[in-house]
Amino acid sequence: MHRPKRSGTRSALAAALGLASLAPPATALPLLSEVFYDATGSDNGLSFVEIFGAPGTSLDGLVVEGVNGGDGAVSPRLTLSGVIPGDGLFVVADDAGRGTTNVASADQGQTSDYQSGPDAIVLRRGDTVLDAVAYGEFAPGEVLAGEGLPAPDGPAGTSLARRFADRDTGDNAADFVV
């Protein structure tokens, strides 16, 4: 039996389609796409939360919260304003003092002190959680305010980034990498 030879392009296309099917479907909600909470040395003016969404999406009324994994205390808490810019990324950056930050392309500032894990950062609209990322190792009785299993707590100077900016499986361990 003679089989026709497959072209390299057809094989590459099949492989790409196979990989695409492994990614969860895209979501329309704004999502937490990257968090940087522990700089090497002082965090002052360096920490940030990046939100991915469709350009032009209003963020008015959305809130970003830090949740302490030890006791569930919420701090800091920031009400967002504005819209997601043309690149699809809205950056909330730590204020280094007097309204300045060391984070390039910051869209909104806040005085933040996100901690090394176990902790979480939550994006909500009113009482509805739109997205949340918990990171670190949670002991029994601690408050895991994220989704599914927590993402790892990376070493100082590293961030947690979503594998696919527009995809949310509902499991932080699967969605985020150091």
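Nothing here was measured: the structure is a model prediction, and the numbers come from that model.
- Counting heavy atoms from C-beta outward, V83 and L59 have side chains that stay 4.5 Å or more apart.
- A pairwise comparison of heavy atoms in A132 and V122 identifies CB-CG2, 4.0 Å as the closest pair.
- Between the OG1 atom of T57 and the CZ atom of F52 there is a distance of 9.5 Å, given to the nearest 0.5 Å.
- Counting only distance, with no hydrogens or angles, the side chain of T169 and the backbone of D175 share no donor-acceptor pair below 3.5 Å.
- Applying the side-chain hydrogen bond (donor to acceptor under 3.5 Å, both in side chains) test to N172 and every residue at least two apart in sequence or in another chain returns nothing.
- For F90, the ring pair (Phe, Tyr, Trp, His ring centres under 6.0 Å) criterion is met by no residue, not counting sequence neighbours.
- Put simply, the side chain of V35 reaches to within 4.5 Å of the side chain of V133, judged on heavy atoms.
- Y135 is connected to V178 through a chain of hydrophobic side-chain contacts under 4.5 Å among Ile, Leu, Val, Met, Phe, Trp and Tyr, so both are in one cluster.
- By the salt bridge (charged side-chain N to carboxylate O under 4.0 Å, His left out) test, D119 is found to be paired with no residue, residues two or more places apart in sequence or in another chain being considered.
- For R125, the side chain to side chain contact (heavy atoms under 4.5 Å, CB included) criterion is met by L62, L130, not counting sequence neighbours.
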List, one per line, each side-chain donor-acceptor pair under 3.5 Å for residues 141-157, sequence neighbours excluded.
from, atom 1, to, atom 2, distance (Å)
E142, OE1, A139, N, 2.6
D153, OD1, Y37, OH, 2.6
D153, OD2, G117, N, 2.9

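- For the pair L78 and V92, the minimum side-chain heavy-atom distance is below 4.5 Å.
- Looking at every heavy atom in both residues, D60 comes nearest to G82 through OD1-N, 2.9 Å.
- Looking at residues two or more places apart in sequence or on another chain, you find a side chain to side chain contact (heavy atoms under 4.5 Å, CB included) between A106 and A93, T101.
- Just one residue in the list V49, L89, I51 forms a side chain to side chain contact (heavy atoms under 4.5 Å, CB included) with S33, and that residue is L89.
- Looking at V64 and I121, their side chains come closer than 4.5 Å, going by heavy atoms from C-beta outward.
- Side chain of D107 to backbone of V91: a donor-acceptor contact under 3.5 angstrom is found.
- The side chain to side chain donor-acceptor pair (under 3.5 Å) contacts involving residues 69-93 comprise E65-R77, where partners must be two or more places apart or lie in separate chains.
- In terms of heavy atoms, S116 sits closest to D38 at OG-OD2, 3.0 Å.
- Hydrophobic cluster membership of V177, counting Ile, Leu, Val, Met, Phe, Trp and Tyr whose side-chain heavy atoms lie under 4.5 Å apart directly or via other members: none, as it forms a cluster of its own.
- The shortest non-hydrogen separation linking D166 to L31 is C-CD1, 3.9 Å.
- Salt-bridge check for D131 with R124: failed, with every basic side-chain N at 4.0 Å or more from each acidic carboxylate O.
- In this structure, F176 is not a member of the same hydrophobic cluster as F138, with clusters built from ILVMFWY side-chain heavy atoms closer than 4.5 Å.
- Atoms CG and CD, on L80 and Q108 in that order, are 5.0 Å from each other to the nearest 0.5 Å.
- Under the side chain to side chain contact (heavy atoms under 4.5 Å, CB included) criterion, P55 pairs with no residue at all, not counting sequence neighbours.
- R162 contributes no side-chain N or O that, together with a main-chain N or O of E34, makes up a donor-acceptor pair within less than 3.5 Å.
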